[in-house]
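The figures that follow rest on heavy atoms only: side chains count, while hydrogens, waters and symmetry mates do not.
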Amino acid sequence: MISNRHFSILELVPIAPSSISTQKLQQRMIERSFDISARMLQRDLQSLYEQGCFGLEKDTRSKPYGWSINAQWRGGNAKVMSSEVAEHYLLLEQLLPQSVPSDVKHSVHIKAEQALKRFNGHVPNWLATLPKSSLKVNIDTQLVEQIEHAINHKRAVSAELYRVLYDEAHWLKFAELSFYNLVEQGGVLMAQFMVGELHDKCYQMPVYRIRNIHILQKTRREPSDEQLKSLRSAINKGMKQEDIELVVKVPNHSAVNQGFIELGDLTDKQHIDDKNVLLTYQTTDTEQLTDELFKCAHWLEVIKPEKLKKRIISKLKAATTNYI
C-alpha cells in the first residue's frame, strides 16, 4: 500500500510519450503542499519504479531522467487507482454472486487483477481472511427419499408446507399431497405435486419448504396433460425476463457511478447536482437485479420503472417490520 505522497506523485506523472523531470515534479508537489526535497523525490520515484506495479517508466537516455506512466497501464484520462478503490475491486470480486452474467464476471475479474497490482500481488490481510459469501441450502436426504418413494410407488402423502399468507409465514398441515416429480431448477431441488382431492391445479415448491412427510395408504392423484401444461405455463411465466429501461439516482462517489457495479448497458448519465447523478441502463428485470438494488437501497434510489421501484419499497417495508 502506498502513502498519500506516493499517490500524488503517480497522479502528477503524465502518460507516455509525455514525461516530466524530477525538478518539475518537485515544484508541482510543493504546489500540492508536500514539503519534499529533490533527493526524497528521487528515492520515491526509484522505489515506485522498482516495484513494477504502477506503470512508472524511466527515460535514462539523458539527465535529468524523464518520468512517465505507460499508456497501456493508465488509458485516457483515468487516474491512478487508489488503495481504497483497489480494495473495493478485490472485495467486489469475492462477493460477486455466481448467478451474474459471465461478461460481468469477466469485467470485474479484469479490474480485480489490476487492483491486485496495487498491492504487489498480495491481497491485504483483512481481505484475505474474509469469509466468502455463498448460498447453501441444507436438504434433508431422508425427506428426499420419502418423496422419491412416494413418486415411485404412486402413493399419496401428508405433509407440512411453508407458505406465506397475508404477508405472514406459516407451516401449514396438508392432509393429502400427490408428488409426481422432482426437478432441479437454478441449483434448488423442486417438488411438483397436486393438493388434496378438491384442487385441480399442480404446484411446484422447493423441497426445503416441506417437512413431516407421512406416506398414506391412498394412491396418489395423477395430473392430466392439461394440468401439467398449466404448471409449465406458470413456471415459465415466473421465469420470464423482461427488458427494461432502468433509471437510478446515485451519489457521484458511489461504486455504481465509478463503474465497479454494472446494472446493465449504460446509455445515459446526467449530473443532477454536485452530489448526485442519474444513470440510465438497458437491462433485464430479474430477481437478481431486484436483490442487487435492494442491497444498495440505503444509498441508491430507483426512479424508473415504477413497478420495480414499488417492488423495492415493498421489500424495504417487509424488512423494517423485522426490527420494530
*Qualifying residues under side chain to side chain donor-acceptor pair (under 3.5 Å), relative to Glu148, sequence neighbours excluded*: none

*By side chain to side chain donor-acceptor pair (under 3.5 Å), which residues pair with Arg163, not counting sequence neighbours?*
none

*Flag the pair Glu160 and Lys173 as a salt bridge only when some basic side-chain nitrogen lies within less than 4.0 angstrom of an acidic carboxylate oxygen.*
no

*Using atom types as modelled and distance alone, determine if a side-chain donor or acceptor of Asp59 lies under 3.5 Å from a backbone N or O of Tyr65.*
no

*With sequence neighbours excluded, what pairs up with Arg43 under the side chain to side chain donor-acceptor pair (under 3.5 Å) test?*
none

*So among Asp265, Leu289, Leu263, which one has a side chain to side chain contact (heavy atoms under 4.5 Å, CB included) with Thr283?*
Leu289

*Is a salt bridge present between Arg220 and Glu222, judged by a nitrogen-to-oxygen distance below 4.0 Å?*
yes

*Atom CG of Asn152: over 12 foreign heavy atoms under 6.0 Å*: yes

*Of all residues at least two apart in sequence or in a different chain, which pass the side-chain contact (heavy atoms from CB on, under 4.5 Å) check with Arg155?*
His153, Ile215, Gln217

*Side-chain (Ser254) to main-chain (Pro251) donor-acceptor, under 3.5 angstrom*: yes

Side-chain atoms of residues 15-28: list all donor-acceptor pairs with protein atoms under 3.5 Å, sequence neighbours left out, distances to 0.1 Å.
{"from": "Ser21", "atom 1": "OG", "to": "Lys24", "atom 2": "N", "distance (Å)": "3.3"}
{"from": "Gln26", "atom 1": "NE2", "to": "Ile36", "atom 2": "O", "distance (Å)": "3.2"}

_Under the side chain to side chain donor-acceptor pair (under 3.5 Å) test, residues paired with Thr290 that sit two or more places apart_ = Arg311

